[in-house]
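A quick write-up on the structure given underneath.
Hydrogens, waters and symmetry mates are skipped; everything else that's a heavy atom, side chains included, is used. We count ligands from 1, going down the list as the structure has it; atoms in each ligand are counted the same way.
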Amino acid sequence: MNSTLSDVKIINLPKILDSRGNLSFIEEDDHIHFKIKRAYWIYDVPGGENRCGHAFKEQQELIVALSGSFDVLVDDGKEKQIFSLNRSYYGLFISVGLWREMQNFSTNSLALVLSSTHFDENDYIRDYQEFLEYRKRNEK
Ligand code: TYD
């Protein structure tokens, strides 16, 4: 069955405030409800560039702006919503089968992505029309 925008959530991560500097963390089963198979990060994005522009059939993920800020546009084929990530204690959970684009990266921004799957090019839907058809096939 298809996920929708209501399955996309901003998770408030713990924040331990300290005069020596703050600390946040993510624990499986508590803040993230999938087994973490892979972590990757996106950095040194030139001004004006966008990333992603695809959906995944299996991969769920949690995105954190470890540094700087950027927007994540999420699209379920009917509605779109933009989530602005600008604090390192917010995680954006994106469920399967949703189109996403990352935009408006600030200078020196660093995006951490925790993924439920190993890398598999076959899990990507990179064509928007194909994404809409995939959604239609999976409609209940
Ligand atoms: P891609 O996910 O297409 O990045 P974006 O959607 O932001 O443009 O990945 C870019 C390239 O990196 C692509 O050739 C696949 C490769 N890649 C890996 O080899 N392993 C990974 O874990 C990821 C995320 C990408």
Side-chain angles (χ1 to χ4, degrees):
M1 207 176 58
N2 281 329
S3 322
T4 65
L5 279 181
S6 60
D7 298 306
V8 178
K9 292 194 170 41
I10 294 273
I11 316 277
N12 270 308
L13 300 169
K15 183 170 50 162
I16 316 289
L17 299 177
D18 192 309
S19 56
R20 298 169 302 158
N22 302 333
L23 182 152
S24 288
F25 57 91
I26 301 169
E27 272 195 15
E28 216 173 84
D29 301 330
D30 196 351
H31 315 109
I32 194 165
H33 294 283
F34 56 79
K35 192 169 167 41
I36 300 165
K37 291 270 185 69
R38 176 169 51 118
Y40 60 93
W41 44 100
I42 297 170
Y43 53 98
D44 289 348
V45 179
E49 286 292 343
N50 292 348
R51 300 288 313 218
C52 297
H54 51 65
F56 296 113
K57 292 176 245 177
E58 294 291 333
Q59 179 180 323
Q60 303 173 66
E61 60 189 24
L62 187 86
I63 305 176
V64 183
L66 285 185
S67 176
S69 62
F70 49 84
D71 295 334
V72 185
L73 178 147
V74 188
D75 178 345
D76 65 11
K78 293 200 167 112
E79 289 180 283
K80 298 173 201 241
Q81 192 173 341
I82 290 178
F83 297 86
S84 293
L85 295 181
N86 52 14
R87 294 279 181 265
S88 54
Y89 48 84
Y90 292 146
L92 177 67
F93 169 73
I94 307 185
S95 190
V96 292
L98 297 165
W99 188 264
R100 86 286 315 277
E101 293 175 23
M102 294 170 79
Q103 311 164 332
N104 297 323
F105 287 88
S106 69
T107 306
N108 290 332
S109 55
L110 170 59
L112 172 70
V113 185
L114 301 178
S115 163
S116 67
T117 66
H118 293 137
F119 176 73
D120 178 6
E121 184 59 41
N122 294 322
D123 193 41
Y124 281 73
I125 304 172
R126 293 189 183 272
D127 179 81
Y128 191 72
Q129 278 312 313
E130 199 185 309
F131 162 69
L132 293 178
E133 284 155 27
Y134 175 84
R135 297 282 307 184
K136 219 169 255 169
R137 281 200 303 278
N138 285 282
E139 250 170 31
K140 271 254 158 156

among protein heavy atoms, the one nearest atom 1 (P) of ligand 1 is Y124 OH, 3.7 Å

### Query
Does a donor on one side chain and an acceptor on the other come within less than 3.5 Å for S84 and D71?
yes

With K57 as partner, the option from T117, I125, N138 fulfilling side chain to side chain contact (heavy atoms under 4.5 Å, CB included) is I125

Please indicate whether any nitrogen or oxygen in Y40 is less than 3.5 Å from any nitrogen or oxygen in ligand 1. no

When distances are taken from atom 24 (C) of ligand 1, the protein heavy atom at minimum range is R38 NH1, 3.4 Å

- Item | Backbone of V45 reached by a side-chain donor or acceptor of R51 within 3.5 Å | no

Out of H118, K37, R126, E61, the nearest non-hydrogen contact to atom 3 (O) of ligand 1 is supplied by R126

S67 side chain to N108 main-chain N or O, any donor-acceptor pair under 3.5 Å?
yes

Nearest non-hydrogen protein atom to atom 15 (C) of ligand 1, with distance, is F119 CZ, 3.4 Å

min-distance protein heavy atom vs atom 7 (O) of ligand 1 -> R51 NE, 2.8 Å

> Has Y40 got more than 12 heavy atoms of other residues, nucleotides or ligands less than 6.0 Å from its OH?
Replying inline: yes

* To do: Check whether any N or O atom of C52, backbone or side chain, sits under 3.5 Å from an N or O atom of ligand 1, and answer yes or no.
  => yes

For atom 6 (O) of ligand 1, the closest protein heavy atom turns out to be H54 NE2, 2.8 Å

Margin query: With the threshold set strictly below 4.0 angstrom, can you tell me whether any protein non-hydrogen atom sits that near atom 22 (O) of ligand 1?
Written below: yes

* Looking only at N/O atoms, are E121 and ligand 1 under 3.5 Å apart anywhere? -> no

Check: Does K9 make a cation-pi contact with F93 (under 6.0 Å, within 45 degrees of the axis)?
Finding: no

ask   = So, Y134 and N2: side-chain donor and acceptor under 3.5 Å apart, yes or no?
value = no

* Asked: Would a search of protein heavy atoms around atom 12 (O) of ligand 1 find one under 4.0 Å away?
  -> no

**NZ or CZ of R126 within 45° of Y124 ring axis and under 6.0 Å** = yes

